[in-house]
Amino acid sequence: MSDFYQKVYATVKKIPKGNVASYGQIATLLGNPMSARSVGWALRAVPDSDIPWHRVVSSSGHLTIAHPDVSAESQKLLLESEGVTVTADNKNKLFKVDMITYQWKLS
DNA sequence: GGTCTGACTAGGT
DNA sequence: AACCTAGCCAGAC
């Protein structure tokens with residue numbers, strides 16, 4: 001397991017319940033603003049369910065998940081269970097959250 | 001060690 | 001507003 005993965009997981013764990021963060025935001029916190037794609041790559045291989053990966057969405061708020069065993073619908077349910085409103089676009093083919101309201105803001 | 005791929009993004013059509 | 005393109009970085013081969 002590379003340091004990069006560890007950093008990503010550690011940062012994702014810090015996202016408060018009921019909030020979401022973008023891939024780019026995570027990357028910025030790691031010190032590499034341009035490595036948003038790599039953040040997604042790390043989340044793809046999340047080792048345990050102890051990590052709130054569902055709180056990470058694209059910068060536009062879309063649930064652009066691509067995982068063999070987990071669907072965007074599962075992510076939607078997880079977010080809603082934390083009080084995050086998830087809207088459905090294009091007849092449930094794509095979900096998204098309101099970043100203005102729910103994006104993780106550092107204090 | 002070069003190439004390809006992708007849970008990304010910002011900017012342009 | 002939906003779609004396309006070009007940069008980015010880390011992993012897999």
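Only a predicted model underlies this, so the values are computations on that prediction, with no experimental measurement involved. Because only heavy atoms are used, hydrogens play no part in the values below, and waters and symmetry mates are left out as well, while side chains stay in. Just so it is clear: chains get the letters A, B, ... in the order the sequence lines come, proteins before strands, and each one is counted from 1.
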Walking along DNA chain C from 5' to 3', note the first and the last nucleotide with an atom under 4.0 Å from a heavy atom of chain A, and give both. C:dG7 to C:dG11
Pairwise 5' ranking along DNA chain C for A:W41 and A:M34, keeping only the more 5' one: A:M34
So do A:W53 and A:L78 actually touch side chain to side chain, heavy atoms under 4.5 Å? yes
May I have the step-by-step check of side chain to side chain contact (heavy atoms under 4.5 Å, CB included) for A:W41 and A:Y5, ending in yes or no? CA-CA 9 Å; A:W41 194 262; A:Y5 274 34; 3.3 Å; yes
Same cluster (ILVMFWY, side-chain, under 4.5 Å), A:V70 and A:L79: no
Step by step, would you call A:V8 with A:L43 a side chain to side chain contact (heavy atoms under 4.5 Å, CB included)? CA-CA 8 Å; A:V8 172; A:L43 287 183; 4.2 Å; yes
Below 4.0 Å from chain A heavy atoms, what is the first contacting nucleotide of DNA chain B and what is the last? B:dG6 to B:dA10
Is the closest side-chain donor-acceptor distance between A:H62 and A:T64 under 3.5 Å? no
What nucleic acid atoms does A:S22 come within less than 4.0 Å of, heavy atoms only: base, sugar-phosphate, or nothing? sugar-phosphate
Base, sugar-phosphate, or nothing: which does A:S38 touch, judged by heavy atoms less than 4.0 Å apart? base
Is atom CD of A:E80 surrounded by more than 12 heavy atoms (other residues, nucleotides or ligands) closer than 6.0 Å? yes
With side chain to side chain contact (heavy atoms under 4.5 Å, CB included) as the test, would you mind laying out the steps for A:V57 and A:M99 before giving the verdict? CA-CA 9 Å; A:V57 300; A:M99 295 302 279; 3.7 Å; yes
Side chains of residues 17-36 of chain A: which donor-acceptor partners sit under 3.5 Å, not counting sequence neighbours?
| residue | atom | partner | partner atom | Å |
| --- | --- | --- | --- | --- |
| A:S22 | OG | A:Q25 | N | 3.0 |
| A:Q25 | OE1 | A:S22 | N | 3.4 |
| A:Q25 | OE1 | A:Q103 | NE2 | 3.2 |
| A:Q25 | NE2 | A:W104 | O | 2.7 |
| A:T28 | OG1 | A:G24 | O | 2.9 |
| A:S35 | OG | A:N32 | O | 2.8 |

